[in-house]
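Data first, discussion second: the structure below is written as structure tokens.
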Amino acid sequence: MIHGGDIYTAAELIGKNSEDIIDMSSSVNPLPLPFKIKKKLIKNFNFLNRYPDTEARAFKKILCDIYGISSESIICGNGSIELIYIAVKALNPQNVLILEPTFLEYERACRINNVPNIDRIFSLDRDEVIKIAEKKLKNTKYSLVFICNPNNPTGWLIKKENILNLADTVKDTIFLIDEAFIDFTPEETVIHEVGKIKNLLVLRSLTKFYGLAGLRFGYAAACNEIIEQLKKFIQPWSINSIAQCAAEEIIKDENFKNMSYEFFIKEKQFFENSLKKLTLNYFPSAANFYFIKLPKKGFPEEILNKGILIRDCSNFYGVDENFIRVSIKTRKQNELFFRELKKWLKAL
């Protein structure tokens, strides 16, 4: 399984139905969608015989009001992953820098689009990554730099001041800032700066915090020139009407946001307390998942037999099979995970 969330393959492997798998491998909000959104989705089924708005105008208008940016600086896509691939194709970078370990699709998008030079910085120390990046950018000219913030899989957050300083250091390099998890720390977003800083390309997703993984909706914000480049490569009608309808409602639902913040604060405290009791090495996380180092490999396979899917991190660059990533779910599911982890550790 290349990514988290593949409950279908997991179900086949252990002979269960996919709906019986507890998915702690994908970092999606487990809280149910508000009823008013479900009600609007049902109402909009009557419009399924019409083409969706290729510009997602209603969503863009709401986004402009929230962040104070212009609609010309926004492009929407079928999940932010579509926009990653479009960005690499449209910008045609010749020399790319990726801060590792991080989301696998940055490198894959570069490989598919035949980017000639892919350079990496690897460290499991956030501050060291920033220092190395600063040195690299002074000595080497890059067309495009990928930064996931908060980072997947480590969960660390790079302060927006550091990102803006990096972008200001080399104004002829485009910084793609993937903020798929920034809704957990919204004060650290750099999206407000896209009108002023011309080499920022900010990606956002409604998959993680808003729980729309199955509908696929994401967007990018940048200066008008970059957005126009991206628009040349986006497919028409890539976002369906139902996804747009859900996105329009959930992005402005303050009750859902506040309820989610309260839920995650409580469950993260439980998670960290449980990890400390087991004396395991884990990374402090600004997101809704934890990157954990285990004393031995094999736990993802062991716990899958119990119907729980977690993320084996061995296919992240520079990371071995002892590392896992586990997302926060309901208290009942979190408790079940820790019971199984405790039993496994005792048996070592």
Side-chain angles (χ1 to χ4, degrees), residues 63-64 67-75 77 80 83-100 102-103 105-107 109-110 113-123 126-151 156-182 185-205 218-234:
L63 207 64
C64 293
Y67 292 116
I69 55 179
S70 69
S71 60
E72 290 77 19
S73 65
I74 305 164
I75 185 171
S80 59
L83 298 170
I84 290 170
Y85 280 79
I86 287 172
V88 176
K89 191 173 185 66
L91 299 173
N92 191 28
Q94 298 304 295
N95 200 5
V96 163
L97 180 64
I98 304 175
L99 278 58
E100 300 275 13
T102 196
F103 190 41
E105 297 299 331
Y106 306 147
E107 181 188 354
C110 291
N113 287 287
N114 300 310
V115 174
N117 299 298
I118 302 172
D119 200 0
R120 294 182 173 93
I121 293 168
F122 172 83
S123 177
R126 180 198 60 184
D127 296 332
E128 185 181 25
V129 164
I130 297 168
K131 288 176 184 176
I132 299 172
E134 289 171 346
K135 290 179 183 177
K136 281 266 191 184
L137 290 166
K138 285 178 182 177
N139 299 321
T140 308
K141 179 176 170 54
Y142 293 101
S143 313
L144 182 64
V145 177
F146 287 94
I147 300 177
C148 185
N149 198 46
N151 186 50
W156 66 43
L157 176 79
I158 299 175
K159 291 289 186 178
K160 65 181 178 183
E161 290 82 9
N162 294 117
I163 290 175
L164 296 176
N165 286 338
L166 286 174
D168 188 56
T169 301
V170 277
K171 293 184 171 65
D172 53 350
T173 296
I174 294 175
F175 286 78
L176 189 154
I177 312 300
D178 185 349
E179 293 189 339
F181 295 98
I182 203 70
T185 54
E187 69 281 0
E188 293 297 333
T189 182
V190 295
I191 197 170
H192 303 281
E193 309 301 324
V194 296
K196 309 168 198 170
I197 302 175
K198 303 299 183 183
N199 58 333
L200 277 181
L201 171 56
V202 180
L203 265 60
R204 301 287 290 268
S205 170
Y219 61 94
C223 67
N224 297 0
E225 292 80 6
I226 292 177
I227 294 299
E228 287 303 315
Q229 283 179 266
L230 268 57
K231 280 184 176 179
K232 294 174 185 175
F233 293 91
I234 199 159

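Count residues from 1 along the sequence.
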*Contact check, side chains of I84 and Y106, non-hydrogen atoms, under 4.5 Å*: yes
*State, with a plain yes or no, whether a side-chain heavy atom of V88 is found less than 4.5 Å away from one of P93.*
yes
*Any residue meeting side-chain hydrogen bond (donor to acceptor under 3.5 Å, both in side chains) with K135, in chain and number order, not counting sequence neighbours*: none
*asked:* Whether E193 and K160 form a salt bridge (side-chain N of Lys/Arg under 4.0 Å from carboxylate O of Asp/Glu) is what I want to check.
replied: no
*asked:* Quick check against the 3.5 Å criterion: does Q94 have a side-chain atom that pairs as donor or acceptor with the backbone of N92?
replied: yes
*asked:* Holding to ring-ring contact (aromatic ring centres under 6.0 Å, His included), I want the full list of residues that pass it with Y67, two or more places apart in sequence or in another chain.
replied: H192
*Going by heavy atoms in the side chains, are K136 and Y142 under 4.5 Å from each other?*
yes
*asked:* Rounded to the nearest 0.5 Å, what separates atom CD in E72 from atom SG in C223?
replied: 12.5 Å
*Which pair of heavy atoms, one from S123 and one from V129, lies closest together, and at what distance?*
CB-CG2, 3.5 Å
*Hey, which of D172, N95, T173 is the one that makes side-chain hydrogen bond (donor to acceptor under 3.5 Å, both in side chains) with K141?*
D172
*N151 side-chain N/O to W156 backbone N/O, donor-acceptor pair under 3.5 Å*: no
*K89 side chain to A109 main-chain N or O, any donor-acceptor pair under 3.5 Å?*
no
*Test side-chain contact (heavy atoms from CB on, under 4.5 Å) applied to L137 and E134, step by step*: CA-CA 5 Å; L137 290 166; E134 289 171 346; over 6 Å; no
*Heavy-atom pair with the smallest gap, counting every atom of A167 and L200*: CB-CD2, 4.2 Å
*asked:* If the condition is side-chain contact (heavy atoms from CB on, under 4.5 Å), which residues does A221 pass it with, not counting sequence neighbours?
replied: I69, I191, V194
*Donor-acceptor under 3.5 Å (E179 side chain, V190 main chain)*: yes
*Output the distance between atom CD1 (I197) and atom CZ (F175), rounded to the nearest 0.5 Å.*
10.5 Å
*asked:* Among residues at least two apart in sequence or on other chains, which ones pass side-chain hydrogen bond (donor to acceptor under 3.5 Å, both in side chains) with K159?
replied: E188
*Nearest 0.5 Å please: distance from the CG atom of D119 over to the CG atom of L97.*
5.5 Å
*Give me the one residue out of T102, I163, N162 that meets side-chain contact (heavy atoms from CB on, under 4.5 Å) with N149.*
I163
*Output every pair passing side-chain hydrogen bond (donor to acceptor under 3.5 Å, both in side chains) with a member in residues 218-232, not counting sequence neighbours, ordered by first then second residue.*
none
_Return the CG to CG distance between L91 and L201, rounded to the nearest 0.5 Å._
6.5 Å
_Flag, side chain of R126 to backbone of L157, donor-acceptor distance under 3.5 Å_ = yes
*Please step through side-chain contact (heavy atoms from CB on, under 4.5 Å) for the pair I132 and L99, ending with a clear verdict.*
CA-CA 10 Å; I132 299 172; L99 278 58; over 6 Å; no
_Pair K131 + E128: basic N to acidic O under 4.0 Å_ = no
_What I'd like to find out is whether the side chain of T189 reaches to under 4.5 Å of the side chain of R204, using heavy atoms alone._
yes
_Would you compute the distance between atom CG of L144 and atom CD1 of I118 and round it to the nearest 0.5 angstrom?_
10.5 Å
*Atom CD1 of I158 and atom CD1 of I177: how far apart are they, to the nearest 0.5 Å?*
8.0 Å
_side-chain hydrogen bond (donor to acceptor under 3.5 Å, both in side chains) against N114, all qualifying residues, sequence neighbours excluded_ = none
*asked:* I need the single residue from S70, S73, S71 that forms a side-chain contact (heavy atoms from CB on, under 4.5 Å) with C64. Which is it?
replied: S71
